[in-house]
2 protein chains.
Amino acid sequence: MTETKIKPITVIIVEDFKLTRVGLRCALNANPDIDVVAEAEDAVEGLKLIERYKPDVILMDLGLPGMNGIEAMIKCKEMHFDSKIIALTSHDRSEEVIASLSSGASAYCLKDIDPSKLADVVRDVSTGVCWIDPMVAQMTLNALPKIESVGVLPEKSSSDGMVPLTEREFEVLKHLVMGKSNTEIAKELIVSVHTAKAHVCSILQKMCVNDRVQAAVKAVKEGMV
Amino acid sequence: MTETKIKPITVIIVEDFKLTRVGLRCALNANPDIDVVAEAEDAVEGLKLIERYKPDVILMDLGLPGMNGIEAMIKCKEMHFDSKIIALTSHDRSEEVIASLSSGASAYCLKDIDPSKLADVVRDVSTGVCWIDPMVAQMTLNALPKIESVGVLPEKSSSDGMVPLTEREFEVLKHLVMGKSNTEIAKELIVSVHTAKAHVCSILQKMCVNDRVQAAVKAVKEGMV
DNA sequence: TAATAAATTAGACAATCGGGTAATGGATTA
DNA sequence: TAATCCATTACCCGATTGTCTAATTTATTA
């Protein structure tokens with residue numbers, strides 16, 4: 001049963017302090033299911049390594065010299081790998097927390113985190129979990145938009161009275177979000193323009209929006225695509 | 001190690017389905033460090049029990065009959081215990097997620113979560129961690145305010161060699177993202193339609209996109225708005 | 001002062017969009 | 001079997017879009 005071994009979670013560490021870097025690597029490599037494949041001491045080098053290794057998880061220090069961690073995360077997201085990012089700092093500035101989480105990070109850890117707990121976070125994050133350190137959890141939650149609606153749950157129905165899209169409509173929606181015209185969508189899906197238009201039309205109605213721009217924005221914001 | 005036993009994490013479950021309730025209790029009580037001290041099948045009863053037991057963690061179903069879970073959480077927070085709340089549902093409506101997290105929940109789990117993982121979440125949350133299920137993590141992070149307001153970035157930032165937009169163009173872009181037509185944008189900014197069109201045109205060129213949909217999507221994804 | 005950039009307006013034109021209405025075949029369900 | 005839902009196609013029509021050229025004013029910069 002040599003083949004029952006599961007592929008380990010690959011990790012890249014981007015951190016300028018040598019000592020911290022060593023500490024992180026040791027803490028993580030102590031776990032057989034986690035594999036630190038590369039390390040960088042600045043963002044530029046880090047981005048190169050990320051491009052080469054396409055790791056599952058990136059441990060990103062925020063206080064890097066030169067390009068800071070947040071800029072690096074933004075560039076990282078633009079590369080469209082689905083690497084998950086854990087933001088790592090020693091301080092807890094509110095703006096920095098929010099900025100990193102809204103710029104691509106899936107987790108926020110303070111550096112005094114317990115090493116074994118960090119490994120847990122790496123595992124969690126690799127599956128898509130959002131994990132936020134207790135020290136900054138409350139401030140993050142407070143930054144979420146308040147919803148003044150006692151009627152948030154007036155029966156189920158839908159996400160704003162949203163009728164679920166059919167499979168085909170989802171396909172169309174994806175192309176729509178890419179900015180394709182009805183003609184282009186029709187060509188991609190090998191149907192007539194009329195069909196594409198029909199789908200778009202019913203997408204707009206089901207999503208309760210007036211035009212394709214609103215549909216695209218809503219789809220992106222709600223992570224439908 | 002009878003004397004090394006640590007005080008277990010106390011938990012109250014508020015869930016209307018008997019079967020789910022039993023399942024939750026079993027899954028959690030299987031852990032010696034977790035103690036389900038009480039259960040309720042509706043919010044009113046739940047609040048009474050919470051007041052009596054002041055548990056470390058509350059497992060709150062959102063789809064309760066009568067007073068719903070979100071209302072219950074708000075009332076719960078008003079009681080000023082520092083119980084942590086885990087919101088629990090079987091669906092993943094965007095508004096429900098945001099609403100519960102901004103109303104007091106520290107975690108959001110979908111009901112198909114692995115039982116042993118749930119125990120981990122209970123432990124995490126009891127220490128103050130914010131934990132969000134992978135299925136809804138992205139949409140939650142997207143709901144966080146974008147960074148342009150935060151002075152974390154040393155000028156400009158993202159966008160690969162993108163020509164910077166002028167102030168006016170940014171205004172237009174904001175309206176564009178809301179799905180407004182050129183006519184509507186013109187009306188809002190008190191200019192002629194020609195002007196609005198001119199701005200849109202130069203926005204498209206500067207952002208290197210072909211149409212307003214792509215512009216809107218790019219703006220949202222890169223947090224320009 | 002001269003040059004440059006931004007904001008504004010205008011007219012025109014082909015292409016596209018969104019909303020109607022309506023019909024057909026296939027699949028699933030009551 | 002009848003009733004629905006979905007995907008598909010078609011036509012019409014008014015509104016909107018994106019691009020073009022071209023002009024004026026203001027503010028900033030060289």
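Just so we're on the same page: letters track the sequence lines, and every chain starts at 1.
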Taking 4.0 Å as the cut-off, does a side-chain nitrogen or oxygen of A/S181 come that near to OP1 or OP2 on C/dT16? no

side-chain N/O B/T195 vs C/dA7 OP1/OP2, d < 4.0 Å: no

Just compare C/dT9, D/dC12, D/dG18 and give me whichever is closest to any side-chain atom of A/K197. D/dC12

Carefully, step by step, assess A/K7 and A/D35 under the rule salt bridge (Lys or Arg N to Asp or Glu O under 4.0 Å). CA-CA 9 Å; A/K7 199 163 80 58; A/D35 183 15; over 6 Å; no

Nearest whole Å is fine: how far is C/dA5 P from B/E167 CD? 18 Å

B/S103 (side chain) donor-acceptor with B/I74 (main chain) under 3.5 angstrom: no

Looking at every strand, decide which applies to A/V193 at a 4.0 Å heavy-atom threshold: base, sugar-phosphate, or nothing. nothing

Nearest to the A/T183 side chain among C/dG18, C/dT9, C/dT16, which nucleotide is it? C/dT16

Hey, is the side chain of A/H194 poking within less than 4.0 Å of OP1 or OP2 on D/dA10, counting only N and O atoms? yes

Distance in angstrom units between A/M207 CE and C/dG18 C1', rounded: 16 Å

Would you kindly give the NZ-to-C1' distance between A/K206 and D/dA7, to the nearest whole Å? 11 Å

NA contact type, B/S192, heavy-atom cut-off 4.0 Å: base, sugar-phosphate, or nothing? sugar-phosphate

Where the side chain of A/S100 meets the backbone of A/A105, is there a donor-acceptor pair that is under 3.5 Å apart? no

Of the options C/dT8, C/dG19, D/dA10, whose atoms approach the side-chain atoms of B/V191 most closely? C/dT8

I want to check something: taking the side chain as every heavy atom from C-beta on, are B/Q214 and B/K218 in contact at a cut-off of under 4.5 Å? no

Rounded off to whole Å, could you give me the CD-to-P distance for the A/Q205 and C/dG19 pair? 7 Å

Which part of the nucleic acid, if any, lies within reach of A/T166 when heavy atoms closer than 4.0 Å are counted: base, sugar-phosphate only, or nothing? sugar-phosphate

For atom CG of B/L204 and atom P of D/dC20, their distance in whole Å: 12 Å

Compare side-chain N and O positions of B/H199 against OP1 and OP2 of C/dT8 and report whether any pair is under 4.0 Å apart. yes

SB check B/R21 B/E15 (cutoff 4.0 Å): no

Looking at B/R212, I'd like to know whether one of its side-chain N or O atoms comes within less than 4.0 Å of OP1 or OP2 on D/dT16. no

If the threshold is 4.0 Å, N to carboxylate O, is there a salt bridge linking A/K84 and A/D56? no

Closest to the A/A198 side chain, choosing from C/dA7, D/dT8, D/dA10: D/dT8

Would you tell me if any nitrogen or oxygen in the side chain of B/N182 comes within less than 4.0 Å of OP1 or OP2 on D/dT16? no

Please give, in whole Å, the distance from C/dT8 P to B/I203 CD1? 12 Å

Rounded off to whole Å, could you give me the CG-to-P distance for the B/D211 and C/dA14 pair? 21 Å

Atom CD of B/Q214 and atom P of D/dT17: how far apart are they, to the nearest Å? 16 Å

